[in-house]
2 protein chains.
Amino acid sequence: MTKVRRSDRLIDMTRYLLERPHTLVPLTYFSKRYDSAKSSISEDLAIVRRVFANRQTGILETVPGAAGGVRFIPTIGEEEAEAFITEMSHRLSETDRLLPGGYVYLSDLLGTPDVLRQIGRLIATQYLDAKVDAVMTVATKGIPIAQSVSQYLDVPFVIVRRDSKITEGSTVSVNYVSASSARIEKMELSKRSLPAGSHVLIVDDFMKGGGTVNGMRSLIKEFDAELVGISVFAEGNFSGDRMVTDYTSLIRVDEVDTKANTLHAIAGNYLAQNQDRLHALKK
Amino acid sequence: MTKVRRSDRLIDMTRYLLERPHTLVPLTYFSKRYDSAKSSISEDLAIVRRVFANRQTGILETVPGAAGGVRFIPTIGEEEAEAFITEMSHRLSETDRLLPGGYVYLSDLLGTPDVLRQIGRLIATQYLDAKVDAVMTVATKGIPIAQSVSQYLDVPFVIVRRDSKITEGSTVSVNYVSASSARIEKMELSKRSLPAGSHVLIVDDFMKGGGTVNGMRSLIKEFDAELVGISVFAEGNFSGDRMVTDYTSLIRVDEVDTKANTLHAIAGNYLAQNQDRLHALKK
């Protein structure tokens, strides 16, 4: 192994760190990888730290001591967060998105890598210093969000299902009441997918009455796990009492006109809830 | 905007390119972003290109001319591909993975960001110079794979569903025969999610008789779209005639012993099919 130049180290180090968010990387690892002195690696990391901070890519945290190293914590900048939420409100307000029952067509947005990347960064920023062991969602449309958040937090995600499939092995199921339809439904999660004591973050694409999210909350209790928080991409218009009150939404569907088949979407409570955090990141 | 130092440019450029695979970035964009001469940017990009090639991160392609720029094409190295496939064969061969009906428990692996990242890189490498407009999969367990591949190819993904949900708008449906159970089933895709003429890559988690994949193939025809290829994470043991013969699998479940409740997994046909490509990338 030949000694690697600083420019080369910076490029490879950047990629390495970006691919391993929230993972502690010992300085000795980089020192060996590039056959370079620890002092040079420290200097490299100081540059990476500064650029990541300036460009609001994230925080490069230093953990001192023998078992120390660096840890990359992805974040989103305040302006970028605002711009994305504004853009999404406009996209949701486009004609023809309104579906029967007050639902909103989101499959195009939630199938676009760029959109998912930003959703992941936003939600991961909110929970950057919370202890999260797993991200939970319900099939089908919450999955892309769970996957993106899990990538930025570097924790696994688990998928709760409404249908019984034979390919999951033993499951634990709960009944829950759909707040929108007042029907009793069933959801289940593979028994081995969530260890007891796990700290679980619930995410979903769209929340109306909160029945589904409430079902996941019951499931978390069944698994003797702990709820860390609830984040949804969009919250719909709901006239009754929500079953869930403590949640974060990126977007809020404000006005729905079923006759004209239009809706108007605005920012959800994310920005207000995370104002201080986003501001502090800006320094 | 003040002029940005080379070291800073390299770090931010690396991140920028990694986040936008397969996207043409004009040199003038970087030139403005860092308030630096185009000649300096060209030199930067030559360094990035070399490091990306050496570390088998991907190809930094140069598109010459006024409308030109650079494009980052993620790839996986041959050794890394082999190591990952070997590791996955071992993971799949672990005790207790075998489920009734010859299915394999995969939810833990397909809920792990690291695993999904590598699956995405592997499949994206195979199709790096194919024209792919969309990745298609069927709910639920194919979704994480589709999302990861779509991220590395920078194209949207679409989700075919077996259940009728009201929140998708109008759909197009097809009937298909499940090769394993010989039952006739139905799958559907939201009408607006796939434009006619799209070039579609099918991915899924697990293939036995190929009935589901065959259903997606019919659906692609219904949408007047074109099939680019079929890639699955794992192929199961299937005694009858497969409905699909032209596919790629990363892993192959070779021997299943339902009495002892064990299975033995080996490499699928991916490495053999992509030998030349992976070798060429190595230079």
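FYI, side chains are in, hydrogens and waters are out, and symmetry mates aren't considered; it's all heavy atoms of this structure. In what follows, chains are A, B, ... by sequence order, proteins preceding strands, each numbered from 1.
For the residue pair Arg15(B)/Thr57(A), the side-chain donor-acceptor check at 3.5 Å is satisfied.
The side-chain hydrogen bond (donor to acceptor under 3.5 Å, both in side chains) search around Thr140(A) returns Arg161(B), not counting sequence neighbours. For Glu43(B), the salt bridge (charged side-chain N to carboxylate O under 4.0 Å, His left out) partners at least two apart in sequence or on another chain are Arg6(B).
Within the 4.5 Å cutoff, no side-chain heavy atoms of Arg55(A) are placed close to those of Tyr16(B).
Interface residue Ile159(B): only side-chain heavy atoms are found under 4.5 Å from chain A. At a 4.5 Å heavy-atom cutoff, the contact between Val48(A) and chain B is made by backbone and side-chain atoms alike. Both the backbone and the side chain of Asp12(A) come within contact range of chain B, with heavy atoms under 4.5 Å apart. For Ile143(A), the parts sitting under 4.5 Å from any heavy atom of chain B are the backbone and the side chain alike. Both the backbone and the side chain of Asp96(A) have a heavy atom closer than 4.5 Å to some heavy atom of chain B. Only the backbone of Arg97(B) has a heavy atom closer than 4.5 Å to any heavy atom of chain A. Contacts of Leu18(A) with chain B are made by side-chain atoms alone, with heavy-atom separations under 4.5 Å and no backbone atom involved. Arg117(A) touches chain B through its side chain: at least one heavy atom from C-beta onward sits under 4.5 Å away, while N, CA, C and O do not.
What you find for Phe157(B) and Leu110(A) is that their closest heavy atoms are CZ-O, 3.5 Å.
Of the residues considered (Thr112(A), Asp114(A), Leu116(A), Asp108(A)), Leu116(A) shows the highest number of contacts with chain B, using heavy-atom pairs under 4.5 Å. The candidate with the highest count of non-hydrogen atom pairs below 4.5 Å against chain A, out of Ala134(B), Pro156(B), Ala139(B), Pro144(B), is Pro144(B). Contact count versus chain A (heavy atoms, under 4.5 Å) is highest, among Ser7(B), Pro113(B), Ser190(B), for Pro113(B).
Taking OG of Ser193(A) as the start and OH of Tyr105(B) as the end, the distance is 4.5 Å to the nearest 0.5 Å. For the atom pair CZ (Arg49(B)) and CD1 (Ile11(A)), the distance works out to 11.0 Å, reported to the nearest 0.5 Å. Note that the CG atom of Leu10(B) and the CD1 atom of Ile47(A) stand 10.0 Å from one another [nearest 0.5 Å]. With rounding to the nearest 0.5 Å, the separation of CG in Leu194(A) from OG in Ser107(B) is 12.5 Å.
Residues from residues 145-155 of chain A that place a non-hydrogen atom less than 4.5 Å from a non-hydrogen atom of chain B comprise Gln147(A), Ser148(A), Ser150(A), Gln151(A), Asp154(A), Val155(A), given in numerical order.
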Got a list of side-chain donor-acceptor pairs under 3.5 Å for residues 199-212 of chain B, not counting sequence neighbours?
residue   : atom : partner   : partner atom : Å
His199(B) : ND1  : Asp133(B) : OD2          : 2.8
Lys208(B) : NZ   : Gly101(B) : O            : 2.5
Thr212(B) : OG1  : Arg162(B) : NH2          : 3.4

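Between Arg50(B) and Asp8(A), at least one side-chain N (NZ, or NE/NH1/NH2) sits under 4.0 Å from a carboxylate O, which counts as a salt bridge.
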